Amino acid sequence: MRRHVDAQLETWASLGVNGHFTDMANSPLAQWQDLAESCARASAAIVGCSAQEVVVMNTLTVNLHLMMASFYRPDARRHKVLLEARPFPSDHYAIESQVRWHGLDPARSMVKLEPAAGSALVPTEQVLRAIDEHADDAALLLLPGIQYYSGQLFDVPAITAHARARGIVVGWDLAHAAGNVELRLHDWGVDFACWCTYKYLNAGPGAIAAAFVHERHGGVEWAVRRDSSSSSSSTPVYRPRLAGWYGGDKSVRFDMDSLFVPTPGAAGFQLSNPSALDLASLAAALSVFAKTSMRDLRSKALVLTAYAEHLLHRILARAPAKGPPLFRLLTPSDPSQRGSQLSILLREGLLEAVAAALEDNGVACDKRKPDVIRIAPVPLYCSFEDVWKFMQIFRGALEL
Ligand SMILES: *Cc1c(COP(=O)(O)O)cnc(C)c1O
């Protein structure tokens, strides 16, 4: 990361604004004009699509809004959004505000999928049933690839195919899935997806985000129009969107013409000149992924997470039998329905003491009030020994 950021500062010091159009010798980075595109190329392998289907821009919530501006186009018949009952709050705010923005009533237009009784999970069959039930009036389905709280990995291909076959547009929030599990967004026919790069992709706090737009939505055609005096002109025809100059075709970007001609593909959804420093840290993070593959990472992750789960079950087996169990796992036990994460629901009242004991022993662990801690042995930088050490500390934190 330091090498990439230093190279960027060096370019800025020596070339100034010309860094936009000049390749620097010995820099691991493309010139600034091409940097977002080179990050998109590196991201494509991670989410399973072509480079033209990825755009690197903004932050996750901003991209959700931009994608909904283009893909959530309610009409008198189709106006509903299918979402989960308790999504990450930002997603809920984004969806609700989009619904209101269209002058619609959230109570009528938001269909919230509740987890099954006594569980944090939303079974696939339940999602498919909800799609059938709202097949005539749903405009959009927007779900997380991996649910941030429970760690549930949704069946993206089955849900996508089912919804699309009923005329519903399908978007996925991949904040916890990108860089965590194998994805094939193109082959699965997903309409759009958004993700941040500061979770499993390690680009740093608040780093620049990305979005996927399926090839079938990125086309730019030219239509010839004849006016009354029978002179003709051509206009670009493309999917409606909120546009900005960086979505414009690179070859004419600096012509400062007011006719917007989008770059074909996802890049045509970009608005602004992105921060070169931000892109440098993403490029550095992606360069680590380029040394391996999602298949290899996933195959280690499956074993690493299973090992963590096994040790958790052993801790439970050794705990005194009286009273309710010290904890239970919210995350599916089926490895094909989860990524690296395991969410541990602690017995009521234990969270603060457990979190303090973990911290005292050098473990920085996520906690979600009232009772959940989430652990994720990430294959890129966690070893089996790390998992074992964590479990010793966790057992101590439970005073066993
Ligand atoms: C992390 C996360 C966000 C955060 O969005 P930003 O706009 O990057 O701050 C939104 N949604 C989900 C599901 C997340 O996991």
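Source: prediction; values computed, not measured. Order of listing sets the numbers, starting from 1, for every ligand and every atom in it. Hydrogens, waters and symmetry mates play no part in the numbers below; they use all other heavy atoms, side chains included.
Remark: the Q98 side chain and the Y93 side chain contain no N/O donor-acceptor pair separated by less than 3.5 Å. In the model, N180 has a side-chain atom that pairs as donor or acceptor with a side-chain atom of S340 under 3.5 Å. Side-chain atoms of Q270 and S272 include no donor-acceptor pair closer than 3.5 Å.
Y200 and H176 have perpendicular rings, their planes meeting at more than 60° on a 0 to 90° scale where under 30° would count as parallel.
A cation-pi contact links R239 to F71, judged by a cut-off of 6.0 Å to the six-membered ring centre and 45° from its axis.
The ring-ring contact (aromatic ring centres under 6.0 Å, His included) contacts involving residues 341-391 comprise Y307-F384, F390-F394, where partners must be two or more places apart or lie in separate chains.
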Find all protein N or O atoms under 3.5 angstrom from an N or O atom of ligand 1 and list the pairs with distances, or write 'none'.
residue	atom	partner	partner atom	Å
ligand 1	5 (O)	T61	OG1	3.4
ligand 1	7 (O)	T61	N	2.9
ligand 1	7 (O)	T61	OG1	2.6
ligand 1	8 (O)	Y198	OH	2.7
ligand 1	9 (O)	Y198	OH	3.3
ligand 1	11 (N)	D91	OD1	2.6
ligand 1	11 (N)	D173	OD2	3.4
ligand 1	15 (O)	H176	NE2	2.8
ligand 1	15 (O)	K199	NZ	2.6

